[in-house]
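Here's the structure we're looking at; comments come further down.
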2 protein chains.
Amino acid sequence: MTIKIKRKIDTNIVIHGDCEDVLKNYPNDCIDLIVTSPPYADARKNQYGGIHPNNYAKWFLPKSEQFLRVLKPTGTFILNIKERVLEGQRHTYVLDLIIKLREQGWLWTEEFIWHKKNCYPGKWPNRFRDSWERCLQFNKSKSFAMYQEAVMVPMGNWAESRLKKLSETDKVRDESKVGSGFGKNISNWLNRKMAYPTNVLHFATECSNKSHCAAFPLDVPEWFIKLFTKDNNVVLDPFLGSGTTAVAAINLNRQYVGIEKNEDYYLISQNRLDEFTRQGKLKWKT
Amino acid sequence: MTIKIKRKIDTNIVIHGDCEDVLKNYPNDCIDLIVTSPPYADARKNQYGGIHPNNYAKWFLPKSEQFLRVLKPTGTFILNIKERVLEGQRHTYVLDLIIKLREQGWLWTEEFIWHKKNCYPGKWPNRFRDSWERCLQFNKSKSFAMYQEAVMVPMGNWAESRLKKLSETDKVRDESKVGSGFGKNISNWLNRKMAYPTNVLHFATECSNKSHCAAFPLDVPEWFIKLFTKDNNVVLDPFLGSGTTAVAAINLNRQYVGIEKNEDYYLISQNRLDEFTRQGKLKWKT
DNA sequence: GTTCCGCATGAATCGATAG
DNA sequence: ACTATCGATTCATGCGGAA
């Protein structure tokens with residue numbers, strides 16, 4: 001079967017199929033951002049056939065090859081993943097995957113930490129609760145789009161008092177050029193109430209809705225969509241799951257393309273997005 | 001030169017030398033915990049000869065082979081490290097090192113995240129500030145010693161003091177987040193007495209003292225020493241630096257062995273520990 | 001004794017310029 | 001082309017002195 005490659009892709013749709021196959025019919029350089037939380041190794045065994053950790057990179061790489069092709073040169077690929085414990089150890093399949101993705105042509109730009117403020121309870125004799133996940137940032141080129149202002153956070157109010165009176169420190173440091181001099185441009189700080197965030201994200205996991213307890217909460221895709229796209233850009237989630245990325249995209253006035261292989265999840269996300277549309281783009285909580 | 005291998009090792013000393021050479025004269029299975037923050041690749045070029053990222057594992061593995069030998073079967077090895085940016089990318093030498101340490105015989109039990117609450121400032125067009133480091137846990141066997149109760153946080157006290165000392169930044173940021181904030185969790189804590197921590201550690205870097213500005217603050221080694229050792233156990237830091245691990249060990253009534261190759265750092269830690277002893281084991285800040 | 005406020009400084013990174 | 005140096009950017013924390 002030969003499917004003609006379209007120049008203009010359809011957006012705001014959920015596609016039922018394997019992302020590798022589906023994306024082969026997509027043109028190059030048509031996606032602004034890929035945000036996804038793929039099935040973790042050995043997890044969701046029923047739905048995805050249970051990829052064994054040892055085979056994870058082998059399973060993933062043909063798909064990421066398509067991601068690399070359909071992503072725009074200025075685009076970004078965010079991979080939310082965390083290795084599990086196998087026989088008392090953290091498995092190295094994620095590390096292996098990072099190394100192989102670089103060999104595939106991706107730039108490994110950054111590793112964000114998603115700190116899960118309310119992680120699952122539990123107790124083990126030789127291990128504490130796991131309250132973080134990796135959000136790996138990959139790019140096609142060094143000059144990718146990034147809109148830092150969109151994710152600024154409220155700043156501590158120390159700046160106000162500092163600005164009341166230009167401190168001697170700033171002047172001295174400026175003059176003496178000790179180390180990495182501070183206080184060069186005090187004027188930049190005037191009227192500033194917001195600060196840039198760091199590469200550690202503090203989001204709580206939300207599980208209020210039973211039917212689709214999200215793999216990641218709305219906050220996570222929203223944060224990355226705000227940071228790496230503008231209005232009307234196209235966001236792809238090749239492992240859509242229950243549709244969280246699509247909801248985040250709609251909330252932020254971006255276009256989405258969702259792909260989901262598993263029929264149950266496909267139907268869930270379909271329903272969720274239908275319901276969402278019926279409600280007229282009301283803000284949706286997870 | 002042949003040095004006779006002693007059965008009983010000297011403790012509470014700082015040794016000037018390369019840890020690989022020094023440890024070759026140590027017997028097997030004599031150390032309860034190794035906590036260290038080695039020189040990062042390409043950092044401290046003057047002191048350590050500037051290990052290039054590409055050669056990092058090669059440089060490290062002969063040393064870790066000795067660590068593996070001198071560590072007790074129930075012991076733990078904590079490696080604090082973080083890769084830097086090279087040509088716009090995170091380098092993979094740490095990932096490579098983890099994989100190779102496993103091949104060397106170590107079990108990679110856990111990866112703790114040290115969230116640095118006050119990270120270095122700065123602004124770049126394509127990157128946020130780096131506010132976390134890896135604390136990698138390696139073991140010789142699955143049945144290692146772990147004293148979880150030692151790092152439990154009293155719920156009531158913790159909540160109170162946390163609330164009292166809650167920084168303005170935390171308040172402002174948490175208030176701005178509906179549902180995922182601090183207030184939600186407080187109610188849960190009030191009903192409990194003690195809580196186990198997670199694998200995300202929140203410590204600030206302290207550098208108020210100029211003369212011996214520690215690579216990591218006292219909090220980090222203290223936390224791991226409490227978690228993985230008992231009174232009088234032996235803690236080794238093969239890259240002692242300014243001596244922070246030794247100070248932490250003394251504070252907690254553990255024995256220490258510190259090794260430092262660089263003469264300047266060796267002298268600094270010597271002075272620091274001498275001064276500490278003269279003061280009669282008073283609690284020492286950084 | 002508290003509380004408040006000013007101050008120093010930190011495992012940084014990027015891009016331009018110079019050798 | 002490739003490396004080395006330099007300037008610019010910028011936020012949270014704990015300490016110490018002052019109120």
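Heavy atoms only: backbone and side chains are in, while hydrogens, waters and symmetry mates are out. Source: prediction; values computed, not measured. In what follows, chains are A, B, ... by sequence order, proteins preceding strands, each numbered from 1.
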Check: Is it true that a side-chain atom of B:E83 and a backbone atom of B:R90 form a donor plus acceptor pair closer than 3.5 Å?
Finding: no

Let me know the distance between [atom1] of [X] and [atom2] of [N], rounded to the nearest Å.
X	N	atom1	atom2	answer
B:K116	D:dT10	NZ	P	19 Å
A:N199	C:dT13	CG	P	10 Å
B:N126	C:dA12	CG	P	18 Å
A:K193	D:dT10	NZ	C1'	17 Å
B:H91	C:dA12	NE2	P	18 Å
B:E83	C:dA12	CD	P	14 Å
B:L218	D:dT13	CG	P	18 Å
B:Y265	C:dA11	OH	C1'	9 Å

Checklist line | Earlier contact from the 5' end, DNA chain D, for B:N118 and B:G122 | finding: B:G122

Closest to the [X] side chain: [options]?
X	options	value
B:Y120	C:dC14, D:dT13, C:dG10	C:dG10
B:A204	D:dT13, D:dT9, C:dC14	D:dT13
A:M155	D:dT10, D:dC11, C:dC14	D:dC11
B:K117	C:dA11, D:dT13, D:dC11	D:dT13
B:P121	C:dG10, D:dA12, C:dC14	C:dG10

Check: Mapping B:C119 and B:E87 onto DNA chain C by nearest heavy atom, which one lands closer to the 5' end?
Finding: B:C119

Note to self: Which residues pass the salt bridge (charged side-chain N to carboxylate O under 4.0 Å, His left out) test with A:K72, not counting sequence neighbours?
What the structure shows: A:D32

Checklist line | B:R127: partners by salt bridge (charged side-chain N to carboxylate O under 4.0 Å, His left out), with sequence neighbours left out | finding: A:E110

Notebook entry, point to check: Between B:R129 and D:dT10, does any side-chain N or O lie under 4.0 Å from OP1 or OP2?
Noted result: no

Check: Any side-chain N or O of B:R90 less than 4.0 Å from the OP1 or OP2 oxygen of C:dA12?
Finding: no

Checklist line | Contacts of type side chain to side chain donor-acceptor pair (under 3.5 Å), residue B:W132, not counting sequence neighbours | finding: none

Next item on the list: Just jot down the side chain to side chain donor-acceptor pair (under 3.5 Å) partners of A:Y196, sequence neighbours excluded, or say none.
Entry: none

Check: Taking the same atom, P, in C:dA11 and in D:dC15, what whole-Å distance lies between them?
Finding: 16 Å

Item checked: Atom C1', compared across D:dG17 and C:dG1: separation rounded to whole Å -> 15 Å

Notebook entry, point to check: Within 45 degrees of the axis of the six-membered ring of A:W223 and under 6.0 Å from its centre: does A:K226 put its NZ or CZ there?
Noted result: no

Next item on the list: Run through B:N80, B:T245, B:L201, B:I34 and flag the one making a side-chain contact (heavy atoms from CB on, under 4.5 Å) with B:F224.
Entry: B:L201

Checklist line | Consecutive-pair stems (at least three Watson-Crick or G-U pairs, under 3.5 Å) that include DNA chain C | finding: C:2-10 with D:11-19, C:12-19 with D:2-9

Check: Quick one: the side chain of B:S37 and the base of C:dA11, do they pair up donor-acceptor inside 3.5 Å?
Finding: yes

Notebook entry, point to check: Touch check for B:P38, heavy atoms < 4.0 angstrom, all strands: base, sugar-phosphate only, or nothing?
Noted result: base

Checklist line | Pairs flagged by side chain to side chain donor-acceptor pair (under 3.5 Å) wherever residues 139-150 of chain A is involved - sequence neighbours left out | finding: A:D29-A:K140, A:T76-A:N139, A:T109-A:N139, A:Q137-A:N139, A:Q148-B:K123

